[in-house]
Amino acid sequence: MAFRVTPWEVEGDVDYQKLMKEFGVKPLTKKLLQRIKAHTGELHYMLRRGIFISHRDLNWLLDEYEKGNKFFLYTGRGPSGHTHLGHLIPWIFTKWLQDKFKAELYFQMTDDEKFLFNQKLSLKQANSFAYENALDVIALGFKPGLTKIIIDSECAGVLYPLAIKVAKRLTFSVVKAVFGFKNSTNVGSIFFTSVQAVPAFLPSVLKGKNIPCLIPHGIDQDPHFRVSRDILPKLGYYKPASIHNIFFPSLKQGNKMSASLPDTAIFTTDTPELVKRKIWNAFTGGRESIEQQRRLGGNPEICPVFKYYFFLFERDDAKLEERRQACMQGKLLCGECKQELIKRVNAFLEEHQKKRKQAKGSIKKYLFKR
Ligand code: TRP
């Protein structure tokens, strides 16, 4: 089946094995996971379950770490709307990495990008979503002293002199080939990947020495960093390493959760009633009738409700497996499974929304300042 993955849109049923080959990234092998575990003592469930699936240069990063050359973390968000649960996947994992490796995190809010790529979004709107989304980042518990949030449009004085160094090495024919730009693409969009490259070497500039960088991100962002990896060594910096997660499911059949189709996604700002309605209306891997379901069992492989447990709401592997078995054997019906999920999502959001509110008071401590 045909699929297409770019940093701005994901279409069709993604074949990750094929995508990894196409992008030229390496699978996260058992051996590499063991190597991580040697430092962290345990493996995050997203690593155990293959939610993080591939990487670039992770062995090199760990070689450096073992030599005493510590790395920093870099990730980001294009603030085109409120945060949905899918956005939290790399952030939750990044928080774990920050704790385990005591690493600094640079978090980029690309309000410039969303303004440039989205016809309907004003710069002011994108900027105000950057602040909204920052509350979600802070609510996850990142350490204030170790975490710096860069809002692009407000940090131009720092970003611009570095972005033009990247841009000078980058031709139109390269970005055209990598991102599929056309002659009708606005020149801001053509330039933009230069800005996304900057946090990957900004700490090295600030501290006056080369520091390895690890970027956890959704695999759709890889084309940006393929470009960064080509150019940074030419400027005298390390190539950034990266680790990639697969996409969080839509509540409807197929596709990745999408902010542009609000009923297919749960946002961190949703009310309990809205969560209930969205999950209640979700597609499932269930049968047409209760009788058939009891007799034939459901199909968790294609079920977004099951995948919600898999990605976020059942972190105990044994319990997840029990749920899978109960579904396939027709012992667990979709109604019960949805009801339990509604309960767990709402419990999570109640806590998250409380922390989000508290974050309003501490946002200044997180904003990058030069
Ligand atoms: N372009 C990303 C988006 O649209 C935002 C982003 C900027 C990012 N820097 C990043 C994402 C680094 C992951 C890692 O969401």
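Heavy atoms only: backbone and side chains are in, while hydrogens, waters and symmetry mates are out. All ligand and atom numbering here is 1-based and tracks the order in the structure.
- A salt bridge between Asp63 and Arg35 is present, with a side-chain N of the basic residue lying under 4.0 Å from a carboxylate O of the acidic one.
- Side-chain rings of Phe52 and His44 stay apart, their centers remaining 6.0 Å or farther from each other.
- Under the 6.0 Å cut-off for aromatic ring centres, His244 and His55 do not qualify, their centroids lying 6.0 Å or more apart.
- A perpendicular orientation is assigned to the rings of Phe313 and Phe348, their planes being inclined by more than 60° (bins at 30° and 60°).
- Aromatic rings from Phe248 and His87 are positioned such that their centres are separated by 6.0 Å or more.
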Dump all N/O pairs between ligand 1 and the protein below 3.5 Å as a table: atom names plus distance, one pair per row.
residue  : atom   : partner : partner atom : Å
ligand 1 : 1 (N)  : Glu113  : OE1          : 2.8
ligand 1 : 1 (N)  : Glu113  : OE2          : 3.3
ligand 1 : 1 (N)  : Gln196  : OE1          : 2.8
ligand 1 : 1 (N)  : Gln221  : OE1          : 3.0
ligand 1 : 4 (O)  : Glu113  : OE1          : 3.3
ligand 1 : 4 (O)  : Lys114  : NZ           : 3.3
ligand 1 : 9 (N)  : Tyr74   : OH           : 2.9
ligand 1 : 9 (N)  : Gln108  : OE1          : 3.0
ligand 1 : 15 (O) : Gly78   : N            : 3.1

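- Here Tyr106 and Tyr74 keep their ring centres 6.0 angstrom or further from each other.
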